[in-house]
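Numbers here are sequence positions counted from 1.
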Amino acid sequence: MISPRRCAAVLASSLFLGIALPHPPATAAAPETTKTPTATVKSVMKTSSPVQATVKTETLPTLASRLAAVKTAKSLNYYPSAGGWSKMWTDWNPARIDADLAKADALGADNLRVIIFPNTFGWPKPWNGYQDRLAALVDMAAARGMTVKFTLFDWWNGYGEVANSISWVNTVLTRYKDDKRVIAFELQNEFNAGDTAAVAWARKMVPAMRSSFPTMPLTFSVDGTSGVPGMAKIKSALASTPIDYFDFHFYGNSERALAVIKNAQATAAPFPMVIGEVGLNTLQNTEGEQAAFLARVFEAAKAAGVQSVAPWTLNDFTQGAIPSSAVSRIPAQYSYGLYRVDGSAKPAAAAVKAGWTNTAMPASLMDPSFELTAGQSPWRAFMPELGLAVKTQSAARTGKWSISLTNTGKTSAGSPSYRVSPIVPVRGGQKWHGEVWARGNAATGTTQIALSWFDMNDKWLGGTSSTWLPVGTTGWTRLVVDGVAPAGSTSMQVHLKSGDNKGTVWFDDAVISAS
């Protein structure tokens, strides 16, 4: 798919100059900001004695200390629900932002990704008012115990203006040179290494930034569509002026997340890699699928040793929250949040909290007994044209709900089913166990629980099935399947299936585990 935010990067920077800004035009002379750097080298601590004082030396950040913070940051991509992208700055609402940061803090976030737009802040000369808003945001994050990462030059393509680019960054960010609250600069979001002008600009910007900010880790991110090959292009294009770490954006198939992340790590090596964006929208997917998606990525990252995973994004966006652009015209862009526009949490918030706090994912996330409300379950119907699996209260082994299939068909392609993929990362050689309780009413055909494995390219590698539920009318019967993932397996699907069934079957209380 088209990367969620990069689709707007091709727009000329002048497109956004039409946004009304509450400050003088960029060409107007504005006084330099007088705000002093936050970090200090020494401070004097008063004592009870009028002639004694203790000198306290504060440790300034180093490249190594900042890079260590980057690699372990519990990062959050953030815009207010009513102020996405550049509107966060033009429609400044500090009370709303602070309330959102309280939510992020409660989830376990300790770092905020802050995206800065040159044509909003003022180009080529930034306006002090926006710089003060940026400083206020850094202060608000710090008050919640959060550091920040700055992403620069978003919605901008003035690659011929190298001198202005260097001057602009120095003006806006010099105050943070030795500020421990700031841990990295991303020079551009979702950088296109296939753009020769962009690469020429980057090759000059990296050494210039190293000169001005020698202890600040530098990176570029790769969009979710380009993926690992796109990251390889960035690494190759900047081989003569290497960056400090790679920022990978994950919007692919979460069922094979471990294999994708390991591939990205190998491509970035010897440089470290973080997952700077990951998300699934709840317009085209259910909230249950979103939660499972994020849980899989967090679990896969943990298995791969990647300690920083940054969800996109905290909030869904209200209509009108995204400035007129290619992004604003994509309906799905409004529904990637961990929280709905009314402020209530989606199931994904609990998954992210578990990932950030290194605790077990909620047991209810996989909906093993099908008790979650509509849209909250990661299970989904497979081949519904042959028979639709539906939630029902007509029979249940435990709780109130079960899944039923009635009057189903069957083809050479398979049987209709209710399917899900596990949260645990899948590898070749793993032993998997699945079980479910089933019962039938005048059932015919074949009713089973089945496991299927797939490789990196989604090619079916093999599968195994339980014995059949006896035909006719039966009580609750336990169906069990065990199997070993074939070599090369990167994902697995669990199917509760019933084919060529002229009657009805019910499923309840599923168990899926790996050993």
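- The shortest non-hydrogen separation linking Ala202 to Leu238 is CB-CD2, 3.8 Å.
- Two residues are said to be in side-chain contact when any heavy atoms from C-beta on lie closer than 4.5 Å; Val278 and His249 fail this criterion.
- Checked by atom type, the side-chain pair Tyr78/Asp100 shows a donor-acceptor distance below 3.5 Å.
- Between atom CH2 of residue Trp312 and atom CG of residue Leu76 there is a gap of 10.0 Å, rounded to the nearest 0.5 Å.
- The distance between the ring centers of Tyr130 and Trp92 does not fall below 6.0 angstrom.
- A 4.5 Å side-chain heavy-atom check between Met209 and Met216 finds every atom pair outside the cut-off.
- Interatomic distance, CD of Gln131 versus CD1 of Ile116, reported as 9.5 Å (0.5 Å rounding).
- Going from atom OG of Ser335 over to atom CD of Gln284 covers 7.5 Å, rounded to the nearest 0.5 Å.
- Of all heavy-atom pairs spanning Pro378 and Ala292, the tightest one is CB-CB, 3.7 Å.
- Closest heavy-atom contact between Pro214 and Lys177: CD-CE, 3.9 Å.
- From Thr90, atom OG1 reaches atom CZ of Phe117 across 10.0 Å, with rounding to the nearest 0.5 Å.
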Evaluate the criterion side chain to side chain contact (heavy atoms under 4.5 Å, CB included) for residue pair Thr490 and Val426; output intermediate values, then yes/no. CA-CA 5 Å; Thr490 62; Val426 176; over 6 Å; no
For Leu338 and Leu107: C-alpha separation, side-chain torsions, deciding distance, then whether side chain to side chain contact (heavy atoms under 4.5 Å, CB included) applies. CA-CA 10 Å; Leu338 306 179; Leu107 291 180; 4.0 Å; yes
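- Side-chain contact of Asp223 with Ser226: a donor-acceptor pair under 3.5 Å is present, judged by distance alone.
- In this pair, Phe317 and Tyr79 present their aromatic rings tilted. The plane angle is within the 30 to 60° band.
- Listed for the Thr313 side chain is a donor-acceptor partner under 3.5 Å among the backbone atoms of Asn77.
- Contact record, Gly227 with Phe248: C-CE1, 3.6 Å, taken as the closest heavy-atom pair.
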Dump the intermediate steps for side chain to side chain contact (heavy atoms under 4.5 Å, CB included) on Glu190 and Val222, then the final yes or no. CA-CA 4 Å; Glu190 299 187 343; Val222 63; over 6 Å; no
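- No side-chain donor-acceptor contact under 3.5 Å links Gln493 and Ser452.
- Between the side chains of Ser240 and Arg203, not a single donor N or O lies within less than 3.5 Å of an accepting N or O.
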Derivation and outcome, side-chain hydrogen bond (donor to acceptor under 3.5 Å, both in side chains), residues Asn189 and Arg113: CA-CA 11 Å; Asn189 177 51; Arg113 183 185 182 215; 2.8 Å; yes
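- In this model, a donor atom of one side chain and an acceptor atom of the other lie less than 3.5 Å apart for Arg296 and Ser254.
- A donor-acceptor contact closer than 3.5 angstrom is absent between the side chains of Arg133 and Asn128.
- Atom CD1 of Ile322 sits about 6.0 Å away from atom CD of Gln333, to the nearest 0.5 Å.
- Side-chain contact annotation: Asn253 with Asp458, donor-acceptor N/O pair under 3.5 Å absent.
- Residues Asp316 and Lys346 meet the side-chain proximity criterion, which asks for heavy atoms closer than 4.5 Å.
- Of all non-hydrogen atoms in Pro217 and Leu63, the two that sit nearest each other are N-CD1, 3.6 Å.
- Of the charged side-chain nitrogens involved, at least one lies within less than 4.0 Å of a carboxylate oxygen, so that Lys302 and Glu299 count as a salt-bridged pair.
- Between the side chain of Trp85 and the backbone N or O of Lys87, no donor-acceptor pair lies under 3.5 Å.
- Of all the heavy atoms in Trp168 and Gly122, the pair that sits closest is NE1-O, 3.0 Å.
- One side chain, Asn111 or Ser75, offers a donor N or O that lies under 3.5 Å from an acceptor on the other.
- One distance of note links CD1 of Ile166 with OG of Ser212; it measures 7.5 Å at 0.5 Å rounding.
- By the 4.0 Å N-to-carboxylate-O rule, Asp139 lies too far from Arg144 to be salt-bridged with it.
- Residues meeting the side chain to side chain contact (heavy atoms under 4.5 Å, CB included) test with Pro486, sequence neighbours left out: Trp453, Leu461, Ser489.
- For the salt bridge (charged side-chain N to carboxylate O under 4.0 Å, His left out) condition, no pair includes a residue of residues 60-84, sequence neighbours left out.
- Not a single donor-acceptor pair under 3.5 Å links the side chain of Asn315 to the backbone N or O of Gly337.
- Residues satisfying the side chain to side chain contact (heavy atoms under 4.5 Å, CB included) criterion with Ala69, sequence neighbours excluded, are Ile183.
- No side-chain heavy atom of Val309 sits under 4.5 Å from any side-chain heavy atom of Leu294.
- Shown here are the side chain to side chain contact (heavy atoms under 4.5 Å, CB included) partners of Arg380, two or more places apart in sequence or in another chain: Glu255, Glu289, Arg419.
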Take Val424 and Ile512 through the side chain to side chain contact (heavy atoms under 4.5 Å, CB included) test and state the conclusion after the steps. CA-CA 10 Å; Val424 176; Ile512 307 160; over 6 Å; no
For residues 259-274, tabulate all N or O donor-acceptor pairs below 3.5 Å that involve a side-chain atom, not counting sequence neighbours.
{"from": "Gln265", "atom 1": "NE2", "to": "Ala304", "atom 2": "O", "distance (Å)": "2.9"}
{"from": "Thr267", "atom 1": "OG1", "to": "Asn263", "atom 2": "O", "distance (Å)": "2.9"}

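- Residues Lys149 and Glu186 have side chains not in contact (no heavy-atom distance under 4.5 Å, counting atoms from C-beta outward).
- Around the NZ atom of Lys103, the shell of radius 6.0 Å holds more than 12 heavy atoms that belong to other residues, nucleotides or ligands.
- Two residues are said to be in side-chain contact when any heavy atoms from C-beta on lie closer than 4.5 Å; Ser328 and Tyr334 meet this criterion.
- In this structure the side chain of Arg427 reaches within 4.5 angstrom of the side chain of Leu258, judged on heavy atoms.
- Not one N or O on the side chain of Ser211 forms a donor-acceptor pair closer than 3.5 Å with the backbone of Pro207.
- Note: Trp201 and Trp156 meet the aromatic proximity criterion, with ring centroids under 6.0 Å apart.
- A donor-acceptor pair is defined here as one N or O able to donate and one able to accept, closer than 3.5 Å; such a pair exists between the side chain of Thr171 and the backbone of Ser167.
- By the 4.5 Å heavy-atom criterion applied to side chains, Leu112 and Leu137 are counted as neighbours.
- For the ring pair (Phe, Tyr, Trp, His ring centres under 6.0 Å) condition, the pairs that include at least one residue of residues 205-229, sequence neighbours left out, are Phe185-Phe213, Phe191-Phe220.
- A donor-acceptor pair is defined here as one N or O able to donate and one able to accept, closer than 3.5 Å; no such pair exists between the side chain of Thr282 and the backbone of Asn285.
- A donor-acceptor contact closer than 3.5 angstrom is absent between the side chains of Thr219 and Asp247.
- Relative to the six-membered ring of Phe454, Lys459 misses at least one condition, a distance below 6.0 Å or an angle of at most 45° to the axis.
- Taking the six-membered ring for Trp and thresholds of 30 and 60 degrees, Phe121 and Trp89 have ring planes more than 60 degrees apart, a perpendicular arrangement.
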